[in-house]
Amino acid sequence: MGEQPIYSTRAHVFQIDPNTKKNWVPTSKHAVTVSYFYDSTRNVYRIISLDGSKAIINSTITPNMTFTKTSQKFGQWADSRANTVYGLGFSSENHLVKFADKFAEFKEAARLAKEKSQEKMELTSTPSQESAIGDIQSPLTPESINGTDDERTTPDATPNSEPRAEPSQNALPFSHSSSAITKHWEAELAALKGNNAKLTAALLESTANVKQWKQQLAAYQEEAERLHKRVTELECLSGQANVIKSHKTELNQTIEELESTLKAKEEELERLKEEVDNANQLQAQRDALAEKLQETETRNKDLESQLAELEQRLESSQLEQEAFRRNLKTLLEILDGKIFELTELRDNLAKLIEGS
């Protein structure tokens with residue numbers, strides 16, 4: 001076959017509930033491989049996913065499809081041929097973005113391929129139509145069918161003479177031209193029949209493909225119902241070792257996936273706890289700093305009041321010192337005066353003693 005995988009990823013596959021058209025129904029118990037395939041023979045792109053031997057996605061990408069990202073890890077698209085809506089749940093947003101980019105790329109490629117095929121069909125049909133119109137307008141003129149006026153009057157010009165071979169000679173070119181026209185029309189008709197046969201074959205092939213896809217969808221639905229019934233029967237017959245082993249394998253795989261998911265959640269929880277602890281520590285530090293700042297502001301106010309009081313006391317002390325200096329200066333002046341008087345008195349007494 002000419003179909004090759006060109007991109008693959010893993011995701012959980014869902015389909016819309018055909019009854020409610022609202023709820024999602026999981027079609028795989030765990031993450032499966034979802035791949036883009038390219039069919040070089042038909043120039044189409046398809047999305048295919050297998051769960052074991054069961055095809056849970058078989059969707060051909062058309063230009064009118066749209067892939068919608070409904071959340072950070074979930075996307076969906078509607079397939080009118082399969083009459084359903086597919087949903088994919090990815091493990092990360094990066095995988096979802098890559099899948100959506102590939103969907104848009106292959107959708108554009110499908111649109112270009114469709115336009116090219118339409119152009120080829122138009123080019124194959126247009127020349128045959130133009131040649132047919134030219135052939136209708138060119139050879140079928142009155143002169144070519146009935147001859148010119150001179151040719152029509154020639155036999156009547158000599159009624160008494162013997163018949164000549166001109167009429168038969170004039171009829172010979174007409175037979176040749178009519179046979180050429182017939183051959184040309186037969187060739188055109190054969191070409192049109194060939195184009196019609198190709199178009200009919202293409203239409204039948206597309207119809208057969210649609211019928212095949214419908215039959216495959218019905219077969220997949222029947223297979224799903226049969227598998228559901230088989231699962232129920234196997235659950236009832238749980239005493240069989242192979243059934244237990246297969247269930248155990250599936251359960252182990254599911255448990256491993258759940259354990260990995262739980263481990264990732266626990267790591268994320270631990271990270272969130274560390275962030276919360278860091279936030280609490282930062283909050284406590286902020287509260288302590290705020291309290292210290294408030295204490296510092298209170299002490300600053302106390303120091304400012306003490307400084308004002310000291311300045312006031314210093315000013316009063318300076319005033320008192322100034323008054324003391326003035327008083328001391330006055331006393332010194334008085335003392336100088338008294339000392340001068342005592343000196344004069346001493347001198348006078350010394351003179352009296354000397355005189356006596």
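In this text, all values refer to a predicted model and were calculated from it rather than measured experimentally. All values below were derived from every heavy atom in this structure, side-chain atoms included, with hydrogens, water molecules and symmetry-related copies excluded.
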Next item on the list: Begin from the C-alpha positions of Leu345 and Glu341 and carry the test side-chain contact (heavy atoms from CB on, under 4.5 Å) through to its verdict.
Entry: CA-CA 6 Å; Leu345 179 59; Glu341 289 177 356; over 6 Å; no

Check: Quick one: CE on Met65 to OH on Tyr86, what's the gap to the nearest 0.5 Å?
Finding: 8.5 Å

Check: Would the number of heavy atoms belonging to other residues, nucleotides or ligands and lying under 6.0 Å from NZ of Lys21 be above 12?
Finding: yes

Item checked: For the student: nearest non-hydrogen atoms of His95 and Thr9, plus distance -> CD2-OG1, 3.7 Å

Next item on the list: Looking only at non-hydrogen atoms, find the nearest pair between Ile56 and Gln15 and report the distance.
Entry: O-NE2, 3.4 Å

Notebook entry, point to check: What closest approach, in Å, do Ser28 and Val13 show between heavy atoms, and which atom pair accounts for it?
Noted result: OG-N, 3.4 Å

Check: Would you call Glu267-Arg271 a salt bridge at under 4.0 Å N-O?
Finding: no

Check: When clusters are formed by joining ILVMFWY residues with side-chain heavy atoms under 4.5 Å apart, either directly or through shared neighbours, do Val97 and Val34 land in the same one?
Finding: no

Margin query: How about CD on Gln283, more than 12 heavy atoms from neighbouring residues, nucleotides or ligands closer than 6.0 Å, or not?
Written below: yes

Check: Would you say Glu344 has more than 12 foreign heavy atoms packed within less than 6.0 Å of its CD?
Finding: yes

Next item on the list: Evaluate whether atom CD of Glu275 has more than 12 neighbouring non-hydrogen atoms of other residues, nucleotides or ligands under 6.0 angstrom away.
Entry: yes

Note to self: Ring centroids only, cut at 6.0 angstrom: are Phe99 and Phe67 within range, meaning strictly under it?
What the structure shows: yes

Check: Cluster question for you: counting only ILVMFWY and a side-chain heavy-atom cut-off of under 4.5 Å, with indirect links fine, are Phe103 and Phe37 together?
Finding: no

Next item on the list: Return the minimal non-hydrogen interatomic distance between Gly75 and Leu96, and the atom names on each side.
Entry: N-CD1, 4.0 Å

Checklist line | Shared hydrophobic cluster, Val85 / Phe14 (ILVMFWY, side-chain heavy atoms < 4.5 Å) | finding: yes

Margin query: Can a donor-acceptor pair be found, under 3.5 Å and without considering hydrogens, that links the side chain of Ser317 to the backbone of Arg313?
Written below: no

Next item on the list: Report the C-alpha separation of Thr62 and Lys107 in whole Å, then their side-chain angles, then the decisive distance to 0.1 Å, and conclude whether the side-chain contact (heavy atoms from CB on, under 4.5 Å) test is met.
Entry: CA-CA 6 Å; Thr62 60; Lys107 172 185 173 182; over 6 Å; no

Check: Which atoms form the tightest heavy-atom contact between Ala100 and Lys69, and what is the distance?
Finding: CB-CD, 4.3 Å

Note to self: Tell me which one of Ile61, Asp79, Leu88 satisfies side-chain contact (heavy atoms from CB on, under 4.5 Å) with Ile47.
What the structure shows: Ile61

Notebook entry, point to check: Atom NZ of Lys351 and atom CG of Asn348: how far apart are they, to the nearest 0.5 Å?
Noted result: 6.0 Å

Check: Distance from Glu266 atom CD to Glu259 atom CD, nearest 0.5 Å?
Finding: 10.0 Å

Check: So, Tyr45 versus Tyr36, ring centres under 6.0 angstrom or not?
Finding: no

Next item on the list: Answer yes when Arg111 and Glu108 have at least one side-chain N-carboxylate O distance shorter than 4.0 Å, and no when they do not.
Entry: yes

Note to self: Is there a side-chain contact (heavy atoms from CB on, under 4.5 Å) between Asn278 and Val276? Walk through the geometry before answering.
What the structure shows: CA-CA 5 Å; Asn278 293 331; Val276 170; over 6 Å; no

Next item on the list: Would you check, one step at a time, whether the test side chain to side chain donor-acceptor pair (under 3.5 Å) holds for Asn94 with Ser92?
Entry: CA-CA 5 Å; Asn94 188 20; Ser92 65; 5.5 Å; no

Notebook entry, point to check: Is it true that Phe324 and Leu332 fall in one hydrophobic cluster, defined by side-chain heavy atoms closer than 4.5 Å?
Noted result: yes

Checklist line | Basic-acidic side-chain contact under 4.0 Å: Lys98, Asp101 | finding: no

Item checked: ILVMFWY cluster, Ile6 and Leu112 together (side-chain gap under 4.5 Å) -> no

Notebook entry, point to check: Looking at Ser305 and Asp302, what are the two nearest heavy atoms and their distance?
Noted result: OG-O, 2.5 Å

Next item on the list: Calculate, to the nearest 0.5 Å, the distance between atoms OG and CG belonging to Ser80 and Asn64 respectively.
Entry: 6.0 Å

Item checked: Side-chain heavy-atom pair Lys114, Pro63 within 4.5 angstrom cut-off -> yes

Checklist line | Crowding at CD, Gln312 (>12 non-hydrogen neighbours, <6.0 Å) | finding: no

Note to self: Between Leu349 and Asp347, is there a side-chain heavy-atom distance shorter than 4.5 Å?
What the structure shows: no

Next item on the list: Could you check Trp24 against Phe74 for ring pair (Phe, Tyr, Trp, His ring centres under 6.0 Å), going step by step and ending with a plain yes or no?
Entry: CA-CA 12 Å; Trp24 289 105; Phe74 193 86; 5.4 Å; yes

Note to self: Within this structure, what is the OG1-CG distance for the pair Thr33 and Leu50, rounded to the nearest 0.5 Å?
What the structure shows: 9.0 Å

Check: To the nearest 0.5 Å, what is the distance between CD (Glu105) and OH (Tyr7)?
Finding: 11.0 Å

Note to self: Checking the side chain of Arg10 only, and the main-chain atoms of Ala31 only, is there a donor and an acceptor separated by less than 3.5 Å?
What the structure shows: yes

